Trainee: 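Structure provided below as structure tokens; questions to follow.
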Amino acid sequence: MIRFIVSRIVQGIIVIFAVITITFGLLKLSPTGPFQSERASTPEALQAKISYYGLDKPVYVQLWRYYTHYATFTFRESKTFQGRGVDEIIASGFPVSATVGGAALLIALSIGVPLGAFAALRPNTLEDRSSTFAATLGICTPSMVLGPLLAMLFGLKLRWFNASGWFDSSDWVLPALTLGIIYSAYIARLTRGSLRETLAQEFIRTARAKGASESSVVFFHAMKLASLPVLNFLGPAAAGLLTGSFIVETVFQLPGLGQFFIAASFNHDDELAIAISAFYAALIVSFNLLVDIIQAVLNPRIRLHA
């Protein structure tokens with residue numbers, strides 16, 4: 001187990017630095033520069049900014065600077081939000097994204113798992129087809145459509161919540177519902193398929209033959225194994241939810257990481273865009289490692305290999 005964890009941590013570090021490299025390369029391919037919009041600045045002032053951020057150095061020198069800074073956890077100042085370090089910006093935006101994402105994850109699990117299990121226990125019935133149709137509809141409905149619909153209904157029509165912004169303690173509800181409903185559809189489909197496959201296995205028939213009740217068979221035997229595909233999905237899904245959905249945060253005007261990343265991309269803010277990408281990669285690596293360990297605990301037949 002220890003060798004497996006150490007190996008995954010090393011692989012995760014390689015992945016994070018690969019993400020830094022790819023993000024850096026994509027930003028360098030952009031036809032615009034970070035200070036082209038500052039037309040009022042004098043050539044001397046622009047040159048001073050370029051020198052300050054090291055943009056007059058060769059590309060490989062700039063990339064190596066990112067490697068050394070992230071290896072030593074030293075972060076530079078954002079080009080877009082001057083006077084603020086990228087670590088400060090992430091620290092201010094992540095709680096908003098995490099609040100919405102954590103609530104969305106709970107909503108997705110509370111809807112998706114029961115809906116998928118309900119459909120799996122009644123195969124080829126009206127309930128199964130209705131649940132499958134609802135899950136398919138959720139998958140096919142993009143957040144850019146569902147979000148404005150919820151904002152219009154509960155924000156503008158009923159006035160239960162604010163349609164946009166981050167002002168009240170309840171402003172997480174609509175964006176969390178938007179993300180939670182969509183992700184619950186994926187979880188429902190995974191739960192249904194996995195539970196139906198598990199219920200057809202030999203050890204389930206053996207448990208029933210020994211006189212185990214149906215509820216015991218489902219909840220204590222089948223669900224433990226059927227939850228593994230859902231856990232696989234939850235690794236990257238949880239990281240994506242906790243770092244914020246760019247579209248949902250834009251629709252509801254939330255000051256989360258998604259908004260900061262969009263601002264960094266439009267303003268060619270290499271420092272902030274790379275920092276958020278590396279932070280997102282670190283979360284995915286961490287959640288995937290956690291999922292692997294949980295899977296091994298739930299299913300002893302899974303062997304952890306370095």
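Values below: every heavy atom of this structure, side chains too, minus hydrogens, waters and symmetry copies. Computed from a predicted model, the values in this text were never measured in an experiment.
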Trainee: Do the non-hydrogen side-chain atoms of Phe24 and Val59 ever get within less than 4.5 Å of each other?
Mentor: yes

Trainee: Measuring from Ile22:CD1 to Leu27:CG, what's the distance to the nearest 0.5 Å?
Mentor: 12.0 Å

Trainee: With a 4.5 Å heavy-atom cut-off, do Pro148 and Val251 have their side chains touching?
Mentor: yes

Trainee: Aromatic rings Tyr186 and Tyr183: how do their planes relate, parallel, tilted or perpendicular, breaks at 30° and 60°?
Mentor: tilted

Trainee: How about Lys28 and Asp270: do any of their side-chain heavy atoms sit closer than 4.5 Å?
Mentor: yes

Trainee: Just checking Phe81 against Phe260, ring centres under 6.0 Å apart?
Mentor: yes

Trainee: Roughly how far apart are Arg129 CZ and Asn124 CG, rounded to 0.5 Å?
Mentor: 6.0 Å

Trainee: Are side-chain heavy atoms of Tyr70 and Ile16 found at a separation under 4.5 Å?
Mentor: no

Trainee: Which word best sums up how the rings of Trp160 and Phe154 line up, parallel for under 30°, tilted for 30 to 60°, or perpendicular for over 60°?
Mentor: tilted

Trainee: Answer yes or no: is there a side-chain heavy-atom contact under 4.5 Å between Leu234 and Ile187?
Mentor: yes

Trainee: For the side chain of Gln253 and the backbone of Ser164, is there at least one donor-acceptor N/O pair under 3.5 Å apart?
Mentor: no

Trainee: Any side-chain heavy atom of Glu271 sitting closer than 4.5 Å to one from Tyr66?
Mentor: yes

Trainee: Is any side-chain heavy atom of Phe279 less than 4.5 Å from a side-chain heavy atom of Leu257?
Mentor: yes

Trainee: Mind checking whether Thr136 and Arg189 have side chains closer than 4.5 Å, heavy atoms only?
Mentor: yes

Trainee: Once side-chain hydrogen bond (donor to acceptor under 3.5 Å, both in side chains) is applied, do any residues pair with Ser92, and if so which ones, sequence neighbours excluded?
Mentor: Arg84

